[in-house]
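Counting starts at 1 for both ligands and their atoms, in listed order. Owing to the predicted nature of the structure, the values given are computational and were not obtained by experimental measurement. Throughout, residue positions are numbered sequentially from 1 according to the sequence presented.
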Amino acid sequence: MPETSDVRGWFDTHTHRAQQFDAAALVPLKGDRRISVLIPARDEEATVGAIVTTLRTQLVERVPLVDEIIVIDSHSTDATSDVARAAGAKVFHVDEIVPEVGSRTGKGEAMWKALAVMTGDIGIYLDADVQEFTADFVVGLLGPLLTDDGLVFVKAFYDRPWSTGAARSSGGGRVTELVARPLILERSPALSGFVQPLAGECAFRAEALRAVPFVSDYGVDIGLMIDVLRDHGLSAMAQVDLGLRLHRHQDLAALSAMTQHVRAAFDLRADPGGPDEVESTATLFRREGETMQLVERTTTTVQRPPMDQVLSHRR
Ligand SMILES: O=c1ccn([C@@H]2O[C@H](COP(=O)(O)OP(=O)(O)O)[C@@H](O)[C@H]2O)c(=O)[nH]1
Ligand SMILES: O=C(O)[C@@H](COP(=O)(O)O)O[C@H]1O[C@H](CO)[C@@H](O)[C@H](O)[C@H]1O
């Protein structure tokens, strides 16, 4: 188990603030590298358009920091694709990317398939449900990666109040606080300095993430952290304070399933040579009419192989 001082040392030297960085000042640091923003989106018609418009106007047109904005439609049932395309994003449906490997549901699947269509050397994942999105999310994530060649992965963190308005108490990030962070202390303590280990926003060097498996659902975020730590070490990872994030909060049933995926990701990624799927069963209670029913929910969490293996088979 790493010494707390090791984590403390990492925290003190590898924690940044978005305000440290300026979009225009980062452009010359790109060199000949291309930067792709990748947004997995399922039923996000209400928010994805504003996010893409902000990115396009501020970080493509006004300051040429971002080279492409890609939205991966993850089996949306609303107008996510049309809204994203109208705002200026390249839109791909998850089923149309590397169709030879089939298609699964889930956030991790959308993020994994984005690696097959991005043309950038550097990628940034963003969630599509963030309200009050600003370009600082991307500038802050890119800052450490463009100013320190020793980094391969930068994770976001922020205050996650439960609601907007004056009473912006904390309260968001329930799976993070109640499940992920205790599991990290128990099973991957080197990661215990990350404030938001499940944050959907991160920046990365493309070759680093094309070399690791992707857990296909909500376990993807912690799964990537575990693999990047193993492949590159903590010193190649950093985090950046983006200030405040307001987003849609899921109901407890959805969070309960998310918890099973996050727990399964630790099992899947703890043993790189192990199985590619883990099944977990939870007992739930559901009121049906006048009576309470006891039901069991079995969740199967699977992982996809490194994308560079899939792409090499195409050559
Ligand atoms: O099957 C899915 C589930 C989620 N998402 C996207 O992944 C991001 C984070 O998901 P969600 O908001 O559900 O997670 P939360 O932030 O509520 O934990 C959002 O952009 C979702 O649209 C996705 O692409 N496919
Ligand atoms: O942090 C969490 O507990 C969950 C749910 O957040 P809320 O309790 O709904 O604010 O959200 C995070 O985890 C998900 C699973 O990894 C990610 O997909 C989300 O992007 C991240 O916000």
Side-chain angles (χ1 to χ4, degrees), residues 37-52 69-81 83-84 89 91-95 97 103-114 124-131 133 137 141 155-164 168-184 191 194-202 214-226 242 244-266 269 299 301-302 304:
V37 174
L38 312 171
I39 307 174
R42 180 186 64 181
D43 295 338
E44 304 292 7
E45 65 180 8
T47 44
V48 72
I51 293 170
V52 172
I69 303 167
I70 292 175
V71 170
I72 305 294
D73 185 329
S74 175
H75 302 115
S76 295
T77 59
D78 68 2
T80 292
S81 279
V83 169
V91 180
F92 297 87
H93 193 280
V94 66
D95 294 348
I97 304 173
S103 192
R104 292 195 167 99
T105 58
K107 176 190 178 187
E109 179 81 352
M111 291 169 68
W112 180 67
K113 289 208 168 176
I124 294 157
Y125 285 122
L126 295 177
D127 280 4
D129 65 330
V130 173
Q131 301 138 21
F133 174 84
F137 272 49
L141 285 163
K155 193 78 165 178
F157 71 89
Y158 22 64
D159 295 336
R160 300 180 68 168
W162 185 250
S163 61
T164 58
R168 281 187 171 180
S169 65
S170 64
R174 291 158 293 172
V175 177
T176 295
E177 301 305 330
L178 300 176
V179 178
R181 284 154 57 75
L183 278 175
I184 284 171
L191 296 175
F194 281 90
V195 179
Q196 288 290 338
L198 299 188
E201 298 83 4
C202 62
F214 270 56
V215 178
S216 66
D217 214 302
Y218 282 115
V220 61
D221 302 289
I222 193 63
L224 290 176
M225 300 276 284
I226 293 167
L242 302 183
L244 178 77
R245 177 180 185 258
L246 297 173
H247 71 115
R248 178 198 56 234
H249 299 288
Q250 309 219 26
D251 63 38
L252 281 179
L255 287 196
S256 172
M258 189 183 285
T259 296
Q260 287 180 271
H261 286 302
V262 168
R263 186 179 292 279
F266 277 93
R269 302 314 311 139
T299 300
T301 304
V302 299
R304 288 294 210 164

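The protein non-hydrogen atom at the shortest distance from atom 1 (O) of ligand 2 is T176 OG1, 2.6 Å. The nearest heavy-atom contact from the protein to atom 8 (C) of ligand 1 is D127 OD1, 3.6 Å. Among all protein heavy atoms, the one lying closest to atom 9 (O) of ligand 2 is R174 NH2, 3.0 Å. Counting only heavy atoms of the protein, atom 3 (O) of ligand 2 lies nearest to V175 N, 2.6 Å. Among protein heavy atoms, the minimum distance from atom 6 (C) of ligand 1 is reached at P40 O, 3.5 Å. Nearest protein neighbour of atom 12 (O) of ligand 1, counting heavy atoms only, is R248 NH2, 2.8 Å. Taking atom 20 (O) of ligand 2 as the reference point, the nearest protein heavy-atom neighbour is D127 OD2, 2.5 Å. Considering only non-hydrogen protein atoms, atom 14 (C) of ligand 2 sits nearest to M258 SD, 3.7 Å. The protein heavy-atom contact nearest to atom 4 (C) of ligand 1 is Y218 OH, 3.6 Å. The nearest heavy-atom contact from the protein to atom 17 (O) of ligand 1 is Q250 NE2, 3.1 Å. Ranking protein heavy atoms by distance to atom 13 (O) of ligand 2, first place goes to L198 CB, 3.5 Å.
Listed by atom number, the atoms of ligand 1 under 4.0 Å from D129 heavy atoms are 12 (O), 16 (O). The distance from ligand 1 to the heavy atoms of A41 drops below 4.0 Å at these ligand atoms: 22 (O), 24 (O). With ligand atoms numbered from 1 in the order given, ligand 1 contributes 19 (C), 20 (O), 21 (C), 22 (O) to contacts under 4.0 Å with heavy atoms of E44. Using a 4.0 Å cut-off to heavy atoms of G200, the atoms of ligand 2 that qualify are 20 (O). Per-residue contacts place S74 under 4.0 angstrom from the following atoms of ligand 1 (heavy atoms of the residue considered): 1 (O), 2 (C), 23 (C), 24 (O), 25 (N).
At a heavy-atom distance under 4.0 Å, only side-chain atoms of D221, from C-beta outward, approach ligand 2. In M258, the part holding a heavy atom less than 4.0 Å from any atom of ligand 1 is the side chain. Contacts of K107 with ligand 1, taken as heavy-atom pairs under 4.0 Å, involve both backbone and side chain. With a 4.0 Å cut-off on non-hydrogen atoms, K107 touches ligand 2 through its side chain and not its backbone.
Here the options are V83, V52, L38, I51, the test is side chain to side chain contact (heavy atoms under 4.5 Å, CB included), and the partner is V71; only V52 passes. Each of V195, L198, V262 was evaluated against T176; a single residue qualifies, L198, per the side chain to side chain contact (heavy atoms under 4.5 Å, CB included) test.
A 4.5 Å side-chain heavy-atom check between I184 and M225 finds every atom pair outside the cut-off. Counting only heavy atoms from C-beta outward, the side chains of D95 and H75 approach each other to under 4.5 Å. The closest side-chain heavy-atom distance from T105 to R42 is not below 4.5 Å. No side-chain heavy atom of E201 sits under 4.5 Å from any side-chain heavy atom of I124.
Ligand 1 has an N or O atom lying under 3.5 Å from an N or O atom of A128, backbone or side chain. Considering backbone and side-chain atoms together, I72 places no N or O closer than 3.5 Å to any N or O of ligand 1. The N/O atoms of T105, backbone and side chain alike, include none that comes under 3.5 Å of an N/O atom in ligand 1. The shortest N/O to N/O separation between Y158 and ligand 2 does not fall below 3.5 Å. Considering both main-chain and side-chain atoms, G173 comes within under 3.5 Å of ligand 2 through a nitrogen or oxygen pair.
With distances taken over non-hydrogen atoms, the option nearest atom 11 (O) of ligand 2 out of Q196, E201, R160, M111 is R160.
Side chains of T77 and D43: a donor on one and an acceptor on the other come within 3.5 Å.
The closest approach between G200 and ligand 1 stays at or above 4.0 Å for every heavy atom of the residue.
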